[in-house]
Amino acid sequence: MDIPHEIKPLPLHYFDETDIQGDYTYIKDFHVELTKRRFFLRFEGVMLQMDVYLNGREVGHFVSGYAPVEIDVTNFLVNGKNFLVIHVNTKEDPLVPPFGGVVDYQTFGGIYRPIYLIDKPLKNAIDDVYARGRANGEIDVFAEVEAGAEITNFVYDGDQLVGKFQGSRGKIENYELYSPSHPKLYNLITRTSTDEVTSSLAFFDADWREDGFYLNDEKLFLFGLNRHQTYPYIGGAAAESLQKEDARKLKKLGINVVRTSHYPQSEAFLSECERLGIFIIDEIPGWQHVSKDPLWRERCLALTEAMVIKDRRHPGVIAYGVRIDESQDDSELYGETNHLAKLLDPERATIGVRNFKDSECLEDVYGYNDFSCIYPRHGVDKVSSWSGAKGKAKLITEHSGHTYPTKSFDPPSVRVTQALRHALIVDQARGDKDCAGVIGWCAFDYATHRQFGSGDKICYHGVCDIFRNPKWAGYFYASQGEEPFLGVASSFLASEYEGGVLPTIPVFTNADYIEVYLDDVLVHRLYPDKETYPNLLHPPVFIKNLVGDNFSEPILSESESRFMVQFLQGHPERGVEGMSLGTKIKMLALLKRHHLPPQYVYDLYYKYVGFWGCKEERVVTIRAFLSGKCFCEKKFGNSQKTRLALEIERDYLVNGDEYDVIPILVKRVDQYGNLCSYANDIISVNVSFPFCILSPQSFSLNGGVGVIYLRSVKTKKRNVGKIVISGPDGTFSFPISVQNATSLPQ
Ligand code: GAL
């Protein structure tokens, strides 16, 4: 098997997780030249526990799940060929967190994260290093080295040495501050006489105060999403390249913080988040349940310790989640988790996430999951109502989620409501002066247990679908970011809506204004709705109707035109019954004055409003402007000549320490590039050496989208293979190359 590995390929949904719960054996032989060094096997993540045997000898039993396990195997290795056997037990064990109660996420099974064989010198080895850079240029280095061993530190900006100091504290003069919009990272090389370790370094001060989160002494509103690490077909076994891709997707959603709900996540994901300027709030594994069993509690503490030791190396982590998500108070357990975190990393904040307001808060930050949204008026409660949070920093750690599950193929009114709920909540949270930030539930649809989700083992709570394609709620997030963005939450097909009438359409954008055209005639210039969303960085723009500056009926006087526009902008489809008496009288008088038949009003309706049953094809164009310049145009009309389109980031794969995977999104789009959300075509895929696919060979689109996971297989030299993707109306066929990381030009 190649690692990362999921016990069994899974269907997209309606899977039975008991199929992947059992005992499995991995075997591997490998070659080692023994030197006078110590050797360790490091497992980044094995779900759930394992018995390890090396060369026929039992090394031990280890619980991993979401935590790394490092084992000293110096005394088990032999010179030359070694034989490793790992029995993995993937069963949900009630004595290991997150299990014991019910869990709203799937955990899957297998060796799903990398394994390393590490060697260290016998003397003066550096066992662990993490460094803290401050806004004033000071650096503290925390290194576990043998007593008496000296350390020297070198600070690099890329390959340029920018500072050097001895011992555990130093200061450099020329450095740039780290922030989400300027994520400047440095490398720190820490050396003893025999060993060296490279770690990541950033210069900033993060302070959680009673009235919010401060970055370098300035308030920064944290705007984020929760992320589960589950993927279709491959469960949790995503290669580093996919983990990084998730971070990039999140960056596009405009967020500055991610919560790794509800367990520590992969190194690749965390590193990419901090490289892109997304702060991280991590969390110990769990879900609501705390056991009284001493072994479970001991393991909870061991997992807390493992999480802090792993994640303290990441400058991007701004708080350790040391309380099980939404669990009840437990002074004894959480006293210890907090104590442990502070012992292992004294300066970093701790957070605890609950779903009630009067909890005992042993952490620095009170996290609260606020599901009080009653759209359209109420978004979230004021943080001052969290009685247990007095004197603490206050962060909304979840909202929305199960209160409004939304599928990417739901009717538009459902998809819009999800988006506007998120917008309302973020607006209200931003307007609450003591609220440190708001983290939505959640980034991507995720795999779950039968008690949750939509019966198909998927929770459709994401602002993106499980393929990572944004829903309209995802448009809202992207519109709050710095990259120019235009997302229109409609297909402009009146017949998709209740009564066959176009409702008010939200446009999610960070443009200064938009222009709306009907058949190339300018209808409106519209601005962000600051009145309804006074606190959002970029409130949505609303298109209330398509009758505006385009109304031109020469036979009508100015005041008659005004009356008619008003009428058409209302709800003329309700017909005569829907008219007030005043309107009826005015309308009759107007028709009489011009000797017009009642049909005239219907004709105007079809010309300016009515798409329902309208003979002509109508095309709506939206243009978005920044500083007077149009940066994006989107068109909507009769979806004709639809076609399959592919989204692929690169046309090569690189074999590094592990195989590489690229996701290829397959979509059906119309002639304007708009997603055909209800398309469910059958797609089939064929590949040739040197790659294979981790997704099924044939699948149907869901919400107009599907994903192919193309993975590299080992090849001696650069090699080119072919992928053929076939749909009902055509075939894509193109070459993709695979190369080894070492053969890449520097
Ligand atoms: C919360 C929980 C999350 C998820 C969410 C769904 O209560 O913390 O894990 O289940 O509800 O909205």
Side-chain angles (χ1 to χ4, degrees), residues 17 65-66 92 97-108 224-230 236 257-265 281-290 300 319 321-330 334 351-357 359 363 365-375 378-381 386 394-407 410 414 417-419 421-422 424-426 429 437-466 471 473-474 477:
E17 66 271 20
Y66 296 101
E92 296 183 1
F99 304 110
V102 291
V103 185
D104 175 16
Y105 51 92
Q106 278 296 344
T107 50
F108 303 106
L225 285 164
N226 284 275
R227 181 230 184 201
H228 265 306
Q229 66 175 20
T230 65
V257 66
V258 64
R259 174 168 169 241
T260 65
S261 53
H262 302 297
Y263 37 79
Q265 299 191 359
I281 293 181
D282 66 6
E283 192 167 45
I284 53 175
W287 201 83
Q288 293 193 346
H289 167 79
V290 173
C300 176
V322 293
R323 179 183 172 113
I324 284 174
D325 174 63
E326 293 189 341
S327 55
Q328 292 304 302
D329 287 345
D330 189 322
Y334 295 136
I351 183 173
V353 172
R354 53 275 281 168
N355 53 0
F356 53 107
K357 293 179 178 174
S359 158
E363 299 83 23
V365 186
Y366 195 104
Y368 176 61
N369 295 346
D370 186 329
F371 290 106
S372 65
C373 178
I374 310 163
Y375 177 76
H378 181 79
V380 274
D381 294 342
W386 307 357
K394 296 168 259 311
L395 180 70
I396 300 172
T397 32
E398 287 181 35
H399 62 80
S400 303
H402 62 277
T403 67
Y404 207 76
T406 306
K407 302 178 184 73
D410 269 337
V414 175
T417 304
Q418 185 202 24
R421 287 171 83 111
H422 278 263
L424 179 76
I425 289 166
V426 175
V438 60
I439 304 182
W441 189 267
C442 58
F444 313 119
D445 291 346
Y446 58 97
T448 190
H449 284 88
R450 72 179 158 80
Q451 296 87 350
F452 309 93
S454 291
D456 60 348
K457 303 280 170 77
I458 294 193
C459 251
Y460 293 92
H461 299 172
V463 302
C464 298
D465 63 19
I466 200 162
K471 302 176 193 168
Y477 278 83

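Computed from a predicted model, the values in this text were never measured in an experiment. Just so you know, ligand 1 is whichever comes first in the structure, and atom 1 is the first atom listed for that ligand. FYI, side chains are in, hydrogens and waters are out, and symmetry mates aren't considered; it's all heavy atoms of this structure.
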Is a donor from one side chain sitting under 3.5 angstrom from an acceptor on the other, for S359 and D329? yes
Which residue and atom name correspond to the protein heavy atom nearest atom 10 (O) of ligand 1, and how close is it? D104 OD2, 2.4 Å
Pair S454-D456, side-chain donor/acceptor within less than 3.5 Å: no
Please report the shortest heavy-atom distance between Y477 and V426, naming the atom on each side. OH-CG2, 4.4 Å
What is the distance from atom CD of E326 to atom NE2 of H262, rounded to the nearest 0.5 Å? 7.0 Å
Please work out which of Q451, H402, H399 has its closest non-hydrogen atom nearest to atom 6 (C) of ligand 1. H402
Distance filter under 4.0 Å to N369 heavy atoms, resulting ligand 1 atoms: 8 (O)
Taking ring pair (Phe, Tyr, Trp, His ring centres under 6.0 Å) as the criterion, tell me which of Y446, Y404, F371 meets it with W441. Y446
Just to verify, which of K471, H461, K407 counts as forming a side chain to side chain donor-acceptor pair (under 3.5 Å) with D445? K471
Give me the residue, atom name and distance of the protein heavy atom closest to atom 3 (C) of ligand 1. E398 OE1, 3.3 Å
Just let me know how F371 lines up against ligand 1, side chain, backbone, both or neither, with a heavy-atom cut-off below 4.0 Å. side chain
For atom 9 (O) of ligand 1, the protein heavy atom that lies nearest, with its residue and separation: H262 NE2, 2.5 Å
Kindly state whether the ring of H289 and the ring of F99 have centres lying under 6.0 angstrom apart. no
Can you list the ligand 1 atoms lying under 4.0 Å from a non-hydrogen atom of G401? 12 (O)
Taking N or O atoms only and a 3.5 Å limit, does S400 qualify as a polar contact for ligand 1? no
Quick one: does W287 get within less than 4.0 Å of ligand 1, heavy atoms only? yes
Check each atom of ligand 1 against the heavy atoms of E326 and keep those under 4.0 Å away; list them by number with element. 1 (C), 2 (C), 7 (O), 8 (O)
Where is the nearest protein heavy atom to atom 8 (O) of ligand 1: which residue, which atom, and how far? D325 OD2, 2.6 Å
Side chain to side chain donor-acceptor pair (under 3.5 Å) assessment of Q229 paired with Q265: CA-CA 7 Å; Q229 66 175 20; Q265 299 191 359; 5.2 Å; no
Any atoms of ligand 1 less than 4.0 Å from a non-hydrogen atom of H461? List them with their elements. 6 (C), 12 (O)
Does some non-hydrogen atom of F452 fall short of 4.0 Å from ligand 1? no
Between S327 and Y334, a side-chain donor and acceptor under 3.5 Å: yes
